[in-house]
Amino acid sequence: MSDSMQDLIQGWDGLSVILRYDEPSQSWFFIALHDSTLGRPTGGCRMKVYPRPADGLLDALRLARGMTLKFAGAGLAYGGGKSVIALSRPLGDGERTATLLRFGHLLESLRGAYWTGEDLGTTPEDMAVIAQASRYVHGIQRNPEGGEPVAATDPGPYTARGVLAGIRATAHQIFGSRELAGRTVLVQGVGDVGAPLARLLADEGATVLVGDVDEARAREVAAAINGAVLRPEEVYRTPCDIFAPCAVGAILNRETIPELRCRGVAGAANNQLADEAADGERLRARGIVHAPDFLVSAGGALGLIYRARGHTEAEIRERIDEIETSVRTALLEAAAQNEAPHAAAERRVLASLGTRGDPGASEPGS
Ligand code: PHE
(Lines give C-alpha, C1' and ligand atoms only; values in the text may rest on other atoms or scores of the structure.)
Protein backbone atom coordinates (compact mmCIF):
# COMPACT_ATOMS: atom_id res chain seq x y z
CA MET A 1 0.00 0.00 0.00
CA SER A 2 1.81 3.06 -1.20
CA ASP A 3 -0.92 5.71 -1.44
CA SER A 4 -0.22 8.93 0.42
CA MET A 5 -2.88 10.70 2.46
CA GLN A 6 -3.30 13.22 -0.37
CA ASP A 7 -3.88 10.44 -2.92
CA LEU A 8 -6.42 8.76 -0.68
CA ILE A 9 -8.42 11.93 -0.14
CA GLN A 10 -8.24 12.88 -3.82
CA GLY A 11 -9.63 9.52 -4.82
CA TRP A 12 -12.52 9.60 -2.37
CA ASP A 13 -16.13 10.47 -3.19
CA GLY A 14 -17.14 11.84 0.24
CA LEU A 15 -17.77 15.28 1.69
CA SER A 16 -14.76 16.09 3.86
CA VAL A 17 -12.20 14.77 6.30
CA ILE A 18 -11.22 16.25 9.63
CA LEU A 19 -7.81 15.17 10.77
CA ARG A 20 -5.54 15.89 13.63
CA TYR A 21 -2.31 14.56 15.06
CA ASP A 22 -2.59 13.79 18.77
CA GLU A 23 0.87 14.51 20.09
CA PRO A 24 0.63 12.95 23.58
CA SER A 25 -0.46 9.53 22.28
CA GLN A 26 1.42 9.82 18.97
CA SER A 27 -1.77 8.83 17.18
CA TRP A 28 -3.93 10.34 14.42
CA PHE A 29 -7.60 11.22 14.70
CA PHE A 30 -9.49 10.93 11.40
CA ILE A 31 -13.15 11.87 11.03
CA ALA A 32 -14.55 11.13 7.58
CA LEU A 33 -17.87 12.69 6.58
CA HIS A 34 -19.07 10.84 3.54
CA ASP A 35 -22.61 11.98 2.84
CA SER A 36 -25.38 14.03 4.41
CA THR A 37 -28.22 13.57 1.90
CA LEU A 38 -30.41 11.73 4.41
CA GLY A 39 -29.14 13.29 7.62
CA ARG A 40 -26.13 14.11 9.72
CA PRO A 41 -23.02 11.99 9.15
CA THR A 42 -22.93 9.26 11.78
CA GLY A 43 -20.89 6.15 12.44
CA GLY A 44 -18.71 4.43 14.97
CA CYS A 45 -15.22 5.23 16.21
CA ARG A 46 -12.62 2.58 15.41
CA MET A 47 -9.44 2.49 17.45
CA LYS A 48 -6.50 0.28 16.65
CA VAL A 49 -2.84 0.17 15.78
CA TYR A 50 -2.20 0.71 12.07
CA PRO A 51 1.14 0.16 10.34
CA ARG A 52 0.99 3.73 8.96
CA PRO A 53 -1.37 6.67 9.58
CA ALA A 54 -2.50 6.49 5.92
CA ASP A 55 -3.85 2.98 6.57
CA GLY A 56 -6.06 4.41 9.31
CA LEU A 57 -7.22 7.19 7.00
CA LEU A 58 -8.08 4.68 4.28
CA ASP A 59 -10.11 2.69 6.80
CA ALA A 60 -12.01 5.82 7.87
CA LEU A 61 -12.79 6.76 4.24
CA ARG A 62 -14.01 3.30 3.28
CA LEU A 63 -15.96 2.81 6.51
CA ALA A 64 -17.70 6.20 6.22
CA ARG A 65 -18.86 5.30 2.73
CA GLY A 66 -20.11 2.00 4.11
CA MET A 67 -22.18 3.89 6.69
CA THR A 68 -23.87 5.92 3.96
CA LEU A 69 -24.96 2.66 2.33
CA LYS A 70 -25.90 1.10 5.69
CA PHE A 71 -28.22 3.92 6.78
CA ALA A 72 -29.81 4.35 3.37
CA GLY A 73 -30.23 0.59 2.96
CA ALA A 74 -31.92 0.34 6.36
CA GLY A 75 -34.20 3.31 5.72
CA LEU A 76 -32.63 5.45 8.47
CA ALA A 77 -32.39 9.22 8.02
CA TYR A 78 -28.68 9.52 8.79
CA GLY A 79 -25.64 10.20 6.65
CA GLY A 80 -22.40 8.25 6.44
CA GLY A 81 -19.48 9.08 8.69
CA LYS A 82 -16.80 7.25 10.60
CA SER A 83 -13.87 8.08 12.81
CA VAL A 84 -10.60 6.30 13.31
CA ILE A 85 -8.13 6.74 16.13
CA ALA A 86 -5.04 5.41 14.38
CA LEU A 87 -2.63 4.34 17.07
CA SER A 88 1.06 3.92 16.42
CA ARG A 89 1.38 1.65 19.48
CA PRO A 90 -0.93 0.07 22.09
CA LEU A 91 -1.89 2.51 24.88
CA GLY A 92 -1.93 1.94 28.64
CA ASP A 93 -5.22 2.43 30.49
CA GLY A 94 -4.60 6.00 31.69
CA GLU A 95 -3.27 7.04 28.31
CA ARG A 96 -6.26 5.47 26.60
CA THR A 97 -8.72 7.47 28.71
CA ALA A 98 -6.83 10.73 28.14
CA THR A 99 -6.70 10.08 24.38
CA LEU A 100 -10.43 9.34 24.21
CA LEU A 101 -11.13 12.56 26.10
CA ARG A 102 -9.08 14.57 23.63
CA PHE A 103 -10.96 12.85 20.82
CA GLY A 104 -14.17 13.84 22.60
CA HIS A 105 -13.07 17.49 22.63
CA LEU A 106 -12.44 17.38 18.89
CA LEU A 107 -15.87 15.77 18.40
CA GLU A 108 -17.54 18.44 20.53
CA SER A 109 -15.84 21.19 18.51
CA LEU A 110 -17.73 19.97 15.43
CA ARG A 111 -21.03 20.89 17.12
CA GLY A 112 -22.93 17.86 15.87
CA ALA A 113 -21.64 17.76 12.30
CA TYR A 114 -20.70 14.15 13.07
CA TRP A 115 -22.04 11.74 15.71
CA THR A 116 -20.03 8.78 16.90
CA GLY A 117 -20.60 5.44 18.63
CA GLU A 118 -18.92 2.14 19.31
CA ASP A 119 -16.96 0.23 16.70
CA LEU A 120 -14.19 -2.33 16.41
CA GLY A 121 -11.57 -1.59 19.08
CA THR A 122 -13.79 0.62 21.23
CA THR A 123 -16.18 -0.39 24.03
CA PRO A 124 -19.30 1.02 25.69
CA GLU A 125 -16.98 2.22 28.49
CA ASP A 126 -14.87 4.11 25.94
CA MET A 127 -18.05 5.78 24.65
CA ALA A 128 -18.89 6.91 28.19
CA VAL A 129 -15.41 8.49 28.38
CA ILE A 130 -15.82 10.33 25.05
CA ALA A 131 -19.25 11.46 26.23
CA GLN A 132 -17.66 13.26 29.18
CA ALA A 133 -16.27 15.68 26.62
CA SER A 134 -18.98 15.62 23.95
CA ARG A 135 -22.73 15.46 23.50
CA TYR A 136 -22.43 13.78 20.13
CA VAL A 137 -22.18 10.12 21.11
CA HIS A 138 -24.85 7.51 20.35
CA GLY A 139 -26.10 5.10 22.96
CA ILE A 140 -25.33 7.18 26.06
CA GLN A 141 -27.66 7.33 29.03
CA ARG A 142 -27.04 10.35 31.23
CA ASN A 143 -27.73 11.01 34.85
CA PRO A 144 -30.76 13.35 34.70
CA GLU A 145 -29.40 15.53 37.53
CA GLY A 146 -25.80 16.03 36.58
CA GLY A 147 -25.95 15.27 32.85
CA GLU A 148 -23.01 12.93 33.51
CA PRO A 149 -22.75 9.90 31.22
CA VAL A 150 -23.58 6.84 33.32
CA ALA A 151 -23.75 4.00 30.82
CA ALA A 152 -23.56 3.23 27.14
CA THR A 153 -25.52 0.76 25.04
CA ASP A 154 -23.53 -2.04 23.45
CA PRO A 155 -24.63 -2.29 19.79
CA GLY A 156 -22.94 -5.71 19.35
CA PRO A 157 -25.88 -7.96 20.32
CA TYR A 158 -28.20 -5.94 18.06
CA THR A 159 -25.79 -6.27 15.17
CA ALA A 160 -25.58 -10.02 15.87
CA ARG A 161 -29.35 -10.39 15.68
CA GLY A 162 -29.36 -8.63 12.31
CA VAL A 163 -26.60 -10.91 11.04
CA LEU A 164 -28.68 -13.92 12.03
CA ALA A 165 -31.51 -12.49 9.91
CA GLY A 166 -29.08 -11.96 7.03
CA ILE A 167 -27.79 -15.53 7.33
CA ARG A 168 -31.37 -16.87 7.19
CA ALA A 169 -32.02 -14.92 3.99
CA THR A 170 -28.77 -16.21 2.50
CA ALA A 171 -29.61 -19.82 3.42
CA HIS A 172 -33.06 -19.28 1.90
CA GLN A 173 -31.49 -18.14 -1.37
CA ILE A 174 -29.09 -21.08 -1.53
CA PHE A 175 -31.08 -23.97 -0.10
CA GLY A 176 -34.66 -22.81 -0.54
CA SER A 177 -35.11 -22.87 3.23
CA ARG A 178 -34.32 -20.29 5.90
CA GLU A 179 -33.99 -23.01 8.51
CA LEU A 180 -30.54 -23.04 10.14
CA ALA A 181 -30.79 -26.27 12.15
CA GLY A 182 -28.23 -28.68 10.79
CA ARG A 183 -26.40 -26.03 8.75
CA THR A 184 -22.74 -25.34 9.40
CA VAL A 185 -21.87 -21.68 9.94
CA LEU A 186 -18.30 -20.46 10.30
CA VAL A 187 -17.91 -17.27 12.35
CA GLN A 188 -14.69 -15.35 11.80
CA GLY A 189 -14.00 -13.05 14.77
CA VAL A 190 -15.81 -13.68 18.04
CA GLY A 191 -15.73 -10.19 19.52
CA ASP A 192 -18.62 -7.93 20.32
CA VAL A 193 -20.70 -9.19 17.37
CA GLY A 194 -19.27 -12.64 16.60
CA ALA A 195 -19.64 -13.99 20.14
CA PRO A 196 -23.37 -13.23 20.52
CA LEU A 197 -23.90 -14.39 16.92
CA ALA A 198 -22.26 -17.75 17.67
CA ARG A 199 -24.69 -18.17 20.58
CA LEU A 200 -27.74 -17.26 18.50
CA LEU A 201 -26.67 -19.72 15.79
CA ALA A 202 -26.16 -22.51 18.32
CA ASP A 203 -29.65 -21.80 19.71
CA GLU A 204 -31.00 -22.31 16.18
CA GLY A 205 -29.39 -25.74 16.07
CA ALA A 206 -26.63 -24.80 13.64
CA THR A 207 -23.17 -26.35 13.86
CA VAL A 208 -20.90 -23.43 14.68
CA LEU A 209 -17.20 -23.18 13.83
CA VAL A 210 -15.28 -20.21 15.20
CA GLY A 211 -11.92 -18.64 14.46
CA ASP A 212 -10.30 -15.58 16.00
CA VAL A 213 -6.84 -14.03 16.00
CA ASP A 214 -7.22 -14.27 19.79
CA GLU A 215 -7.28 -18.07 20.00
CA ALA A 216 -8.05 -18.15 23.72
CA ARG A 217 -11.19 -16.12 23.07
CA ALA A 218 -12.18 -18.48 20.24
CA ARG A 219 -11.79 -21.47 22.58
CA GLU A 220 -13.86 -19.78 25.26
CA VAL A 221 -16.75 -18.94 22.91
CA ALA A 222 -16.65 -22.39 21.29
CA ALA A 223 -16.66 -24.18 24.65
CA ALA A 224 -19.78 -22.31 25.78
CA ILE A 225 -21.80 -23.44 22.73
CA ASN A 226 -20.25 -26.80 21.94
CA GLY A 227 -18.72 -25.37 18.79
CA ALA A 228 -15.40 -26.16 17.15
CA VAL A 229 -12.35 -23.90 17.04
CA LEU A 230 -10.39 -23.20 13.89
CA ARG A 231 -6.92 -21.73 13.73
CA PRO A 232 -7.03 -18.32 12.00
CA GLU A 233 -5.20 -19.67 8.94
CA GLU A 234 -7.76 -22.50 8.53
CA VAL A 235 -10.77 -20.20 8.34
CA TYR A 236 -10.97 -19.62 4.59
CA ARG A 237 -10.39 -23.20 3.45
CA THR A 238 -12.68 -24.96 5.96
CA PRO A 239 -15.88 -26.38 4.44
CA CYS A 240 -19.13 -24.83 5.73
CA ASP A 241 -22.54 -23.76 4.47
CA ILE A 242 -22.30 -20.09 5.39
CA PHE A 243 -19.18 -18.09 6.16
CA ALA A 244 -19.90 -15.17 8.53
CA PRO A 245 -16.99 -12.70 8.64
CA CYS A 246 -17.36 -10.56 11.79
CA ALA A 247 -13.96 -8.95 12.14
CA VAL A 248 -11.92 -6.72 9.83
CA GLY A 249 -12.77 -5.84 6.22
CA ALA A 250 -11.24 -6.74 2.84
CA ILE A 251 -11.18 -10.45 3.73
CA LEU A 252 -12.83 -11.39 0.43
CA ASN A 253 -10.01 -10.91 -2.04
CA ARG A 254 -8.04 -12.55 -4.84
CA GLU A 255 -6.15 -14.76 -2.38
CA THR A 256 -9.01 -15.91 -0.15
CA ILE A 257 -11.88 -16.32 -2.64
CA PRO A 258 -10.29 -19.28 -4.50
CA GLU A 259 -9.78 -21.00 -1.13
CA LEU A 260 -13.36 -20.64 0.14
CA ARG A 261 -15.38 -23.82 0.56
CA CYS A 262 -18.69 -22.27 1.57
CA ARG A 263 -21.97 -21.79 -0.32
CA GLY A 264 -22.68 -18.30 0.97
CA VAL A 265 -21.13 -15.37 2.83
CA ALA A 266 -23.13 -13.24 5.27
CA GLY A 267 -21.43 -11.42 8.12
CA ALA A 268 -21.10 -8.16 10.02
CA ALA A 269 -17.61 -7.09 8.93
CA ASN A 270 -17.75 -3.81 7.04
CA ASN A 271 -16.35 -3.60 3.50
CA GLN A 272 -15.77 -7.31 3.09
CA LEU A 273 -14.83 -7.07 -0.59
CA ALA A 274 -11.25 -5.85 -1.06
CA ASP A 275 -12.15 -4.77 -4.60
CA GLU A 276 -15.91 -4.25 -4.77
CA ALA A 277 -16.38 -4.97 -8.47
CA ALA A 278 -13.71 -7.60 -9.14
CA ASP A 279 -14.10 -9.60 -5.93
CA GLY A 280 -17.90 -9.48 -6.08
CA GLU A 281 -17.64 -11.02 -9.55
CA ARG A 282 -15.07 -13.57 -8.37
CA LEU A 283 -17.53 -14.81 -5.76
CA ARG A 284 -20.34 -14.95 -8.26
CA ALA A 285 -18.20 -16.87 -10.73
CA ARG A 286 -17.59 -19.44 -8.00
CA GLY A 287 -21.33 -19.70 -7.29
CA ILE A 288 -20.96 -18.28 -3.78
CA VAL A 289 -23.90 -16.11 -2.67
CA HIS A 290 -22.60 -12.95 -0.98
CA ALA A 291 -25.10 -10.98 1.12
CA PRO A 292 -24.25 -7.24 0.94
CA ASP A 293 -22.47 -6.43 4.22
CA PHE A 294 -24.04 -3.01 4.58
CA LEU A 295 -27.49 -4.61 4.72
CA VAL A 296 -26.47 -7.52 6.97
CA SER A 297 -24.69 -5.34 9.54
CA ALA A 298 -27.37 -2.67 10.06
CA GLY A 299 -28.68 -4.13 13.33
CA GLY A 300 -26.31 -2.14 15.57
CA ALA A 301 -27.30 1.16 14.00
CA LEU A 302 -30.99 0.21 14.22
CA GLY A 303 -30.60 -0.85 17.85
CA LEU A 304 -28.81 2.33 18.94
CA ILE A 305 -31.19 4.63 17.13
CA TYR A 306 -34.45 2.90 18.07
CA ARG A 307 -33.38 2.69 21.70
CA ALA A 308 -32.62 6.38 21.76
CA ARG A 309 -36.09 7.00 20.34
CA GLY A 310 -37.59 5.11 23.28
CA HIS A 311 -38.76 1.94 21.51
CA THR A 312 -39.21 -1.27 23.49
CA GLU A 313 -36.81 -4.17 23.06
CA ALA A 314 -39.57 -6.15 21.32
CA GLU A 315 -40.08 -3.34 18.80
CA ILE A 316 -36.35 -3.03 18.24
CA ARG A 317 -36.02 -6.76 17.61
CA GLU A 318 -38.88 -6.67 15.16
CA ARG A 319 -37.25 -3.81 13.25
CA ILE A 320 -33.90 -5.62 13.18
CA ASP A 321 -35.53 -8.82 11.95
CA GLU A 322 -36.65 -6.91 8.84
CA ILE A 323 -33.04 -7.26 7.71
CA GLU A 324 -34.03 -10.74 6.54
CA THR A 325 -36.44 -9.20 4.04
CA SER A 326 -34.00 -6.55 2.85
CA VAL A 327 -31.27 -9.14 2.25
CA ARG A 328 -33.71 -11.57 0.65
CA THR A 329 -34.94 -8.86 -1.73
CA ALA A 330 -31.38 -7.85 -2.62
CA LEU A 331 -30.35 -11.44 -3.33
CA LEU A 332 -33.41 -12.14 -5.46
CA GLU A 333 -32.96 -8.95 -7.48
CA ALA A 334 -29.29 -9.64 -8.08
CA ALA A 335 -30.01 -13.21 -9.15
CA ALA A 336 -32.73 -12.02 -11.54
CA GLN A 337 -30.29 -9.54 -13.10
CA ASN A 338 -27.35 -11.95 -13.15
CA GLU A 339 -25.34 -9.56 -11.06
CA ALA A 340 -23.19 -9.70 -7.95
CA PRO A 341 -25.49 -8.81 -5.01
CA HIS A 342 -23.23 -6.18 -3.45
CA ALA A 343 -22.86 -4.25 -6.71
CA ALA A 344 -26.59 -4.46 -7.46
CA ALA A 345 -27.64 -3.36 -3.97
CA GLU A 346 -25.11 -0.55 -3.88
CA ARG A 347 -26.28 0.81 -7.20
CA ARG A 348 -29.88 0.77 -6.01
CA VAL A 349 -29.06 2.49 -2.71
CA LEU A 350 -26.90 5.17 -4.34
CA ALA A 351 -29.65 5.86 -6.86
CA SER A 352 -32.10 6.32 -3.98
CA LEU A 353 -29.81 9.03 -2.60
CA GLY A 354 -30.26 11.08 -5.75
CA THR A 355 -27.82 12.17 -8.40
CA ARG A 356 -24.84 13.07 -6.25
CA GLY A 357 -21.67 12.35 -8.18
CA ASP A 358 -23.34 13.38 -11.42
CA PRO A 359 -22.40 17.07 -11.60
CA GLY A 360 -24.94 19.35 -13.13
CA ALA A 361 -27.86 17.01 -12.74
CA SER A 362 -28.90 18.15 -9.29
CA GLU A 363 -28.48 21.90 -9.25
CA PRO A 364 -30.87 23.45 -6.79
CA GLY A 365 -33.77 25.16 -8.48
CA SER A 366 -33.01 23.75 -11.92
N1 PHE B 1 -20.14 0.82 14.58
C2 PHE B 1 -21.35 0.08 14.42
C3 PHE B 1 -21.78 0.10 12.95
O4 PHE B 1 -21.03 0.47 12.12
C5 PHE B 1 -22.44 0.59 15.35
C6 PHE B 1 -22.82 2.04 15.18
C7 PHE B 1 -23.84 2.38 14.31
C8 PHE B 1 -22.19 3.06 15.88
C9 PHE B 1 -24.25 3.70 14.15
C10 PHE B 1 -22.58 4.39 15.71
C11 PHE B 1 -23.61 4.71 14.85
O12 PHE B 1 -22.87 -0.27 12.59
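Here the structure is a predicted model, which is why all the values come from computation and not from measurement. Indexing begins at 1, ligand by ligand and atom by atom, following the structure's order.
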Run down the list Glu118, His138, Met127, Lys70 and name the one with the heavy atom closest to atom 4 (O) of ligand 1.
Lys70
With heavy-atom distances below 4.0 Å as the criterion, list the atoms of ligand 1 near [X].
{"X": "Gly44", "result": "1 (N), 8 (C), 10 (C)"}
{"X": "Gly43", "result": "10 (C), 11 (C)"}
{"X": "Asp119", "result": "1 (N), 2 (C), 4 (O)"}
{"X": "Lys82", "result": "1 (N), 4 (O)"}

Flag the pair Glu281 and Arg284 as a salt bridge only when some basic side-chain nitrogen lies within less than 4.0 angstrom of an acidic carboxylate oxygen.
yes
Is the shortest side-chain heavy-atom distance between [X] and [Y] below 4.5 Å?
{"X": "His34", "Y": "Pro41", "answer": "no"}
{"X": "Phe103", "Y": "Ile130", "answer": "yes"}
{"X": "Tyr50", "Y": "Val84", "answer": "yes"}

The protein heavy atom nearest to atom 6 (C) of ligand 1 is Leu304 CD1, 3.8 Å
For residues Arg65 and Thr68, is any side-chain donor paired with an opposing acceptor at under 3.5 Å?
no
